Amino acid sequence: SQQGEEDPQALSIQEGENATMNCSYKTSINNLQWYRQNSGRGLVHLILIRSNEREKHSGRLRVTLDTSKKSSSLLITASRAADTASYFCATLETSGSRLTFGEGTQLTVNP
Amino acid sequence: DTEVTQTPKHLVMGMTNKKSLKCEQHMGHRAMYWYKQKAKKPPELMFVYSYEKLSINESVPSRFSPECPNSSLLNLHLHALQPEDSALYLCASSHPYEKLFFGSGTQLSVL
């Protein structure tokens, strides 16, 4: 069963704009991860934020985590056409074995 | 070597065939995973192996049979599949509580 819900399901922006995607989950977690997937390919890990962290940065990516609201957001700044992909949040349960993916956001960045 | 290698990349099989999907990693990861992904949907966890032992089976039908011969290899044996089993099958590996490294997947079509 899928734990996470992502919002929006689809997002279309112009190059140079920022993109924000949100993720909500239901149970206690050890960490939350964001992945990117180009059409029909494997997933690529973007960033991991642990349950005791509130914010993390990696290049043009900024992730926040609010465990009281069971939600996370991914911000991509200064987007590029090459950022066009599906983005998934995934939660790792506290036992550390089960990584469950949200429904995903399809991001389209128009040149 | 930070790759997870999956073979074959594409597979077409009939409902009476027996085939196997293979996955290999040389990153020293002791957790390995099989996920199934339908088009425009998130990956769904099927199996988790931890230290070569099956630790999670997400109530997957017995026509899917996983095997972990050693710490670097993971197989998924397929027998008497149904057309609804057509999907992208993704293998992944990780250190405990860390990010997953995914292979590029096997696109399976069952006729």
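Chain A is the first sequence line, chain B the second, and so forth, proteins listed ahead of strands; every chain is numbered from 1. Being a predicted model, the structure only gives us computed values, none of them experimental.
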*Spell out, yes or no, whether B:M46 and B:V48 are grouped together once hydrophobic residues are joined by side-chain heavy atoms under 4.5 Å, including indirect joins.*
no
*Which of residues 65-93 of chain B have a heavy atom under 4.5 Å from any heavy atom of chain A?*
B:L88, B:L90
*Is it true that B:Y51 and B:Y49 fall in one hydrophobic cluster, defined by side-chain heavy atoms closer than 4.5 Å?*
no
*Measure distances from A:S95 to the heavy atoms of chain B and classify the residue's part below 4.5 Å as side chain, backbone, both or neither.*
backbone
*B:K41 atom NZ: more than 12 heavy-atom contacts under 6.0 Å*: no
*Is it true that a side-chain atom of B:Y97 and a backbone atom of A:S97 form a donor plus acceptor pair closer than 3.5 Å?*
no
*Under 4.5 Å, heavy atom to heavy atom, which residues of residues 45-77 of chain A contact chain B?*
A:H45, A:L48, A:R50
*Check the hydrophobic clustering (I, L, V, M, F, W, Y; side-chain heavy atoms under 4.5 Å; chains of links allowed) and say if B:V60 and B:L21 are grouped together.*
yes
*Can A:L43 be reached from B:M32 by stepping across I, L, V, M, F, W or Y side chains whose heavy atoms are under 4.5 Å apart?*
no
_Rounded at 0.5 Å granularity, tell me how far CG in A:L99 sits from CG in B:L45._
8.0 Å
Contacts table for residues 15-22 of chain A: side-chain donor-acceptor under 3.5 angstrom, sequence neighbours left out:
{"residue": "A:E15", "atom": "OE2", "partner": "A:A81", "partner atom": "N", "Å": "3.0"}
{"residue": "A:E17", "atom": "OE1", "partner": "A:Q14", "partner atom": "N", "Å": "3.0"}
{"residue": "A:N18", "atom": "OD1", "partner": "A:A78", "partner atom": "N", "Å": "3.0"}

*Out of A:Q106, A:R41, A:Q33, which one racks up the most heavy-atom pairs below 4.5 Å with chain B?*
A:Q33
*Decide if atom CZ of A:R80 counts as having more than 12 heavy atoms of other residues, nucleotides or ligands within a radius under 6.0 Å.*
no
*Inter-chain contacts: residues 99-111 of chain B against chain A, heavy atoms under 4.5 Å*: B:K99, B:L100, B:F102, B:G103, B:S104
*What closest approach, in Å, do B:P42 and A:G102 show between heavy atoms, and which atom pair accounts for it?*
CB-O, 3.0 Å
_Same cluster or not: A:W34 versus A:V44, using hydrophobic residues (I, L, V, M, F, W, Y) connected whenever any side-chain heavy atoms lie under 4.5 Å apart?_
no
